[in-house]
Number of protein chains: 2
Amino acid sequence: MTDEIELPAEVTLLWGLRETVRRGRKPSLTIADITRAAVEVADAEGLAAVSMSRVAAQLGNATMALYRYVKSKDELFLLMSDAATGGPPDLPDDVDWRTGLTLWARGLLKVTRQHPWAVQLPISGPPLGPNSLRWFECALRALGETGLGEEEKVGVVMGLLTFVHGELRLSIDLSRSYTENPEAFGRQYGMALARVVDPQRFPALSNVIAAGVFEAEVPYDEEVEGEFSLGLYLDGVAAFIERRTTGQG
Amino acid sequence: MTDEIELPAEVTLLWGLRETVRRGRKPSLTIADITRAAVEVADAEGLAAVSMSRVAAQLGNATMALYRYVKSKDELFLLMSDAATGGPPDLPDDVDWRTGLTLWARGLLKVTRQHPWAVQLPISGPPLGPNSLRWFECALRALGETGLGEEEKVGVVMGLLTFVHGELRLSIDLSRSYTENPEAFGRQYGMALARVVDPQRFPALSNVIAAGVFEAEVPYDEEVEGEFSLGLYLDGVAAFIERRTTGQG
DNA sequence: CTCCGATGCGTATGGTCTACGCTTTTAGGC
DNA sequence: GCCTAAAAGCGTAGACCATACGCATCGGAG
């Protein structure tokens, strides 16, 4: 007996470990096909357009055919979530941790922005897919020579991931509402705020508005977005590594 | 003529500025009623249970009655989103910025964790609701005496908000999957990882697993969750303020 | 008291996920 | 080479959902 405990359903799905059988009709689809089709639909028409029938149509099959490959729509979402980021970049082996993590974060931001729906997926549970884990591996490797303990590395990477997730959530929201209605953004946002924000009750916010922070001529720049706070976080990491390696830990 | 440009629909909704009329039948509901009912349903049965008919039933009304108050379900989501956080805590006036922002972040984490569905709301666009803006005001105020410029303050607060959003997204996912199936978590996650992670392809990750990081006996602690990375970020902010005020900016 | 206009809401339409069972196809065993 | 079990393909149907439309009902303004 192989004495292997049963793997969670998500894992067997994401890693293609569902038992492949011999007898019976040959499958005409693969999980990869279905995932790709779903991603295409989401890219082209948004997450709301991803219905089982729409994805099936994309593949030229009937709706119910998909359920032979995927137990529920949630499983499809899980697959999409791992597919959205693809694999991590190849960092040079001798890259210093800060450059490595900067490239990592920028890279993850960039690829995810190409599939903005990924942020809206209703996923629960820790990352288990092959791509997620490759990203994780990549970041851990960048911290390889810092002298941090394993748990500390995980903490740093989780923090960075946290940051990227939050940044995506906020910036994708903004960019969507910007691309949906460019004129109504920026200036008009500032004006709406100004109309609604009572200087008595919101003195600090009023100062900000008065300083024209929300009326920037440059409306939205993905490249720059988040660089500032990313830098702050990495400064904190640097200080931590310093503290940790000068023995004051 | 009052020369007032028209406010965006979201603003009039969130701030209760929809024109109140005189003639005709009296409304039996208020937007606040509807929002409260929706929040109750979401708290009790999850976001998926929030349907127009379910919310109407909660109020003892028919489904279509809600549409006299709210143009679409998305508008209801918008209201829920602003309601989820409530107002910010009252920070002492003389609190130093770091204590203030720490309390702020912890507070925002705490209240949002009491309405975990808030993270899943499909919202796009910048925050405009009264509660969101009060939180923003609160954080800006904590940075009042740091000597930072208005734009820099906004940057710092946005970064912190980014961090909180990301933290919520990750930790709520974890806690949900934990509470759904406590036994399957922690140890089993580690074991599943170990089974699937090839040491050849995932050396760094394998090290982490081997070090037992994922088998912690303490399975999940909301209070502590995120403190580590929050500290790192605030260290970065501290360094920035230092740099900025010692004139090296 | 009358009447305009807003609210309450029943009905209907077109969409969703997915359980079930039937038909078609295929590979293994004989 | 045939038979059969097992799997894929998928049509149908049930239970929801958001919401457009139209009508009855109610209440303040005149």
Side-chain angles (χ1 to χ4, degrees), chain A residues 9 12-13 16-35 37-38 41-42 44-80 117 120-124, chain B residues 9 12-13 16-35 37-38 41-42 44-80 117 120-124:
Chain A
T12 64
L13 174 70
L17 302 177
R18 303 270 224 237
E19 69 266 50
T20 169
V21 244
R22 28 220 127 262
R23 283 267 269 275
R25 189 168 175 170
K26 244 192 262 178
S28 66
L29 298 174
T30 65
I31 287 190
D33 291 332
I34 295 175
T35 308
V41 173
E45 304 166 40
L47 188 59
V50 177
S51 68
M52 297 306 269
S53 54
R54 180 72 186 76
V55 173
Q58 188 81 2
L59 292 162
N61 283 62
T63 307
M64 293 310 292
L66 301 190
Y67 284 93
R68 294 283 175 196
Y69 300 86
V70 149
K71 277 209 269 284
S72 67
K73 195 181 180 183
D74 275 342
E75 285 203 346
L76 180 56
F77 281 155
L78 217 56
L79 290 167
M80 292 175 70
W117 42 263
Q120 306 240 7
L121 287 172
I123 304 287
S124 75
Chain B
T12 63
L13 173 71
L17 302 178
R18 304 270 223 238
E19 69 266 53
T20 170
V21 243
R22 31 216 129 265
R23 284 269 270 275
R25 190 167 171 171
K26 245 192 257 178
S28 66
L29 297 174
T30 65
I31 287 190
D33 291 332
I34 295 175
T35 308
V41 173
E45 303 167 41
L47 188 59
V50 177
S51 69
M52 298 304 271
S53 55
R54 180 72 187 75
V55 173
Q58 189 80 3
L59 291 161
N61 283 62
T63 306
M64 294 309 292
L66 301 190
Y67 284 93
R68 293 284 175 197
Y69 301 85
V70 149
K71 275 210 270 284
S72 68
K73 195 182 180 182
D74 274 341
E75 284 203 349
L76 180 56
F77 281 155
L78 217 57
L79 290 167
M80 292 175 71
W117 41 264
Q120 306 240 9
L121 288 172
I123 304 287
S124 75

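Below, chain A is the first sequence line, B the second, and so on; all start at residue 1. All of these numbers come straight from a predicted model, not from anything done at the bench. Values below: all heavy atoms of this structure, side chains included; hydrogens, waters and symmetry mates excluded.
- Taking every heavy atom of both residues into account, A38(B) and V50(B) meet most closely at O-CG2, 3.9 Å.
- The nearest heavy atom of DNA chain D to P27(A) and to Y67(B) marks one nucleotide each, and the one closer to the 5' end goes with P27(A).
- Rounded to an integer number of Å, the gap from L76(A) CG to dT18(C) P is 10 Å.
- In this structure, the CG atom of D74(A) is 14 Å from the C1' atom of dT16(C), given to the nearest Å.
- Considering CG of L13(B) and OG1 of T35(B), their distance stands at 7.5 Å, rounded to 0.5 Å.
- Between the P atom of dT18(C) and the CZ atom of F77(A) lies a distance of 10 Å, rounded to the nearest Å.
- Residue contacts for S28(B): at a heavy-atom cut-off of 4.0 Å it reaches the sugar-phosphate backbone alone, with no base atom in range.
- To the nearest 0.5 Å, atoms CG (L76(B)) and CD1 (I34(B)) are separated by 7.5 Å.
- Put simply, the side chain of R18(A) gets close to the backbone of A9(A): a donor and an acceptor are under 3.5 Å apart.
- Atom CD in E45(A) sits roughly 11 Å away from atom P in dT16(C) (whole-Å rounding).
- Among the nucleotides dC23(D), dT12(D), dT19(D), the one closest to the side chain of M64(A) is dT12(D).
- Nucleotide dT18(C) holds its C1' atom 13 Å from the CD atom of E75(A), rounded to whole Å.
- Atom CG in D74(B) sits 12.0 Å away from atom CE in M80(B) (nearest 0.5 Å).
- Side-chain proximity of T63(A) to dT19(D), dT18(C), dC9(C): nearest is dT18(C).
- Atom CG in L66(A) sits roughly 14 Å away from atom C1' in dT16(C) (whole-Å rounding).
- Atom CG in D33(B) sits roughly 15 Å away from atom C1' in dT7(C) (whole-Å rounding).
- In this entry the distance linking CZ of R68(A) with P of dC22(C) reads 13 Å, nearest Å.
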Which atom pairs, one a donor and one an acceptor, fall under 3.5 Å between side chains of residues 62-70 of chain B and the rest of the protein, sequence neighbours left out?
| from | atom 1 | to | atom 2 | distance (Å) |
| --- | --- | --- | --- | --- |
| Y69(B) | OH | S28(B) | N | 3.2 |
| Y69(B) | OH | L29(B) | N | 3.1 |

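- How far CG of L78(B) is from NZ of K73(B): 14.0 Å, rounded to the nearest 0.5 Å.
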For nucleotides 24-30 of chain D, print each protein N/O atom paired with a nucleotide N/O atom at under 3.5 Å, atom names and distance only.
| from | atom 1 | to | atom 2 | distance (Å) |
| --- | --- | --- | --- | --- |
| dT25(D) | O2 | R25(B) | NH1 | 3.3 |

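- The minimum heavy-atom distance linking A37(A) with Q58(A) is given by the pair CB-CG, 3.9 Å.
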Protein-nucleic acid N or O pairs under 3.5 Å, nucleotides 13-17 of chain D:
| from | atom 1 | to | atom 2 | distance (Å) |
| --- | --- | --- | --- | --- |
| dC17(D) | OP1 | S51(B) | OG | 3.3 |
| dC17(D) | OP2 | S53(B) | OG | 3.4 |

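- Considering only side-chain N and O atoms, Y69(B) lies nowhere under 4.0 angstrom from the phosphate OP1 or OP2 of dT7(C).
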